[in-house]
Amino acid sequence: MIIRLGYVAMSAVVKNASPSKTMTVTSFSKLLDREAAIRKLERLGAENLHNTLRLLRHNRAHDIMVFRFSSRFIPLIGHEMLGDWDPIPTLSAEFEELGAYAKQAGMRVSFHPDHFTVLSTPKEDVLQKSIQDLERHNAMLNAMGLGTEAMCNIHVGGSYGDKKKAAKRFIQNFSTLRPEIQKRITLENDDKTFNALETLEIAETVGAPMVLDVHHHAVNNEGEDVAELWPRIQQTWTNELPPKIHVSSPKSESDPRSHADYVEVEPLLSFLRAIAPMTPKLDIMIEAKMKDEALFRLMEDFKLQEGIVILDQASIQL
DNA sequence: ACCTGTCAAGTCTGG
DNA sequence: CCAGACTTGACAGGT
């Protein structure tokens, strides 16, 4: 099994390279010249995209081929206060440069619209905002010139006291999305509501690939053996992409759901060894506080293990 | 330079 | 029905 490691949005190594500089509504409102205020938002967006390009260069220098973009590239995008302001065409040159770099380097990039995007919601306004959010993420990927291999990972959402009904609503709402958006969605099990098996069943129904979060599974399950679920999870990856999993370690015994600074190698390795015989390729997204620093430390830990071939700075063979 | 409270968005819990 | 927690990086305003 060939495994590639990646990390999320920002670097612990590259300094002053935030991909999510922002502006609050309060400070935007204080600016008297609205046009100038909007230009400022666009400048922040350009800066975030430029910093992200710096991160991609850093990634390439360290053989990191898997990366998730920040969902906060453009401050206040979608806020009702800004009406029909559409900064994506304004920033098309920056988006294009970023996408071209990723594509040329053969990197796997993605988005993870955050928990305000909920397709299981019973509220029409929340649903519409969620769809708009997905549309914006899709538009950014298109502006980067990337195809449907660059995907948006989301959770199923809340249960509203009746998980079965919520799941049905998710499936119904998903089916109303434009096909282009549908093709770009992956579904991830969460740490409180929709567990791995429930998420898998929904993913199978709507035909979306499932991203397994091993840590979420550890804190939200009904006794399922995740290695036993794996063949079904893997089968949701019908496109050419290798399956992707999320990996992190619990912060502490008293706070098992929070993410630790680094990733424990042992529990990860036992899962990887269990699925290796049936999995030719796997991409791992590391979700640790120390970001790429955690990735490098995990690689050091892999080097000390038996039966692992180190392929380069960010990938191994097992 | 450093510290603390606050922040667009949604959901859930508890009062 | 409403306030606060959840979670997170970064702003904003203070010293």
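Quick caveat, the model's predicted, so the values are computed rather than measured. Atoms considered below: every heavy atom in the structure, side chains included; atoms not considered: hydrogens, waters and symmetry mates. Reminder, nothing fancy here: chain letters follow the sequence lines and each chain counts from 1.
- Put simply, CZ on R43(A) is 14 Å from P on dC11(C), counting in whole angstrom units.
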Enumerate the protein-to-nucleotides 12-15 of chain C contacts in which both atoms are nitrogen or oxygen and the separation is below 3.5 Å.
| unit_1 | atom_1 | unit_2 | atom_2 | d |
| --- | --- | --- | --- | --- |
| dA12(C) | OP1 | T24(A) | OG1 | 3.3 |
| dA12(C) | OP1 | S27(A) | OG | 2.3 |
| dG13(C) | OP1 | K30(A) | NZ | 2.6 |

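- We find that CG of D114(A) is positioned 17 Å from P of dC7(B), with the value rounded to whole Å.
- Look at the P atom in both dC2(B) and dT8(C): the space between them is 24 Å, to the nearest Å.
- Within 6.0 Å of atom CD in Q104(A), more than 12 heavy atoms from other residues, nucleotides or ligands are found, so the atom counts as buried in its surroundings.
- Ionic pairing of E47(A) and R43(A) is not present here: no N-O contact between side-chain nitrogen and carboxylate oxygen is shorter than 4.0 angstrom.
- Closest approach to the M10(A) side chain among dT11(B), dA10(C), dA8(B) is made by dA10(C) (side chain taken as heavy atoms from C-beta onward).
- Ranking dA8(B), dG9(C), dG10(B) by closeness to the H115(A) side chain, first place goes to dG10(B).
- A perpendicular orientation is assigned to the rings of F73(A) and F95(A), their planes being inclined by more than 60° (bins at 30° and 60°).
- Going from the P atom of dA8(B) to that of dG13(C) covers 12 Å, rounded to whole Å.
- The aromatic ring centres of H112(A) and H155(A) sit less than 6.0 Å apart.
- Taking atom CG of residue D133(A) and atom P of nucleotide dG10(B), one finds them 10 Å apart after rounding to whole Å.
- Across all strands shown, S18(A) has heavy atoms under 4.0 Å from sugar-phosphate atoms exclusively, and none from any base.
- The NE2 atom of H259(A) sits 6 Å away from the P atom of dT8(C) (whole-angstrom rounding).
- In this structure, the ring of F296(A) has its center less than 6.0 angstrom from the ring center of H62(A).
- Residue F116(A) and nucleotide dG10(B) are not classified as a stacked aromatic pair, given the requirement of ring centres less than 5.5 Å apart at an interplanar angle below 30°.
- Backbone-only engagement by T121(A) is indicated by non-hydrogen atom pairs under 4.0 Å involving sugar-phosphate atoms exclusively.
- Look at the P atom in both dT11(B) and dA10(C): the space between them is 26 Å, to the nearest Å.
- Atom CD in E80(A) sits about 10 Å away from atom P in dG10(B), given to the nearest Å.
- The aromatic rings of F111(A) and F69(A) sit tilted relative to each other, their planes meeting at an angle between 30° and 60°.
- Nucleotide dA12(C): paired with dT4(B) (Watson-Crick or G-U wobble, both distances less than 3.5 Å).
- The separation between Y160(A) atom OH and dG10(B) atom P is 10 Å, rounded to whole Å.
- Taking each heavy atom of M210(A) and A203(A) in turn, the nearest pair found is CB-CB, 4.1 Å.
- Using a 4.0 Å cut-off, no side-chain N or O of K289(A) falls inside it from OP1 or OP2 of dG9(C).
- The side chain of S20(A) contributes no N or O atom lying less than 4.0 Å from OP1 or OP2 of dG9(C).
- Note on K21(A): every side-chain N or O is 4.0 Å or more away from OP1 and OP2 of dG9(C).
- Q182(A) CD: more than 12 foreign heavy atoms inside a 6.0 Å radius.
- R68(A) has its CZ atom 12 Å from the P atom of dG9(C), to the nearest Å.
- Comparing dG4(C) with dG5(B), their C1' atoms sit 15 Å apart, to the nearest whole Å.
- In this entry dG14(B) has dC2(C) as its Watson-Crick or G-U wobble partner, both defining distances falling under 3.5 Å.
- Rounded to whole Å, atom P of dT11(B) lies 10 Å from atom CG of L127(A).
- The residue among K192(A) and K291(A) whose nearest nucleotide of DNA chain C lies closer to the 5′ end is K192(A).
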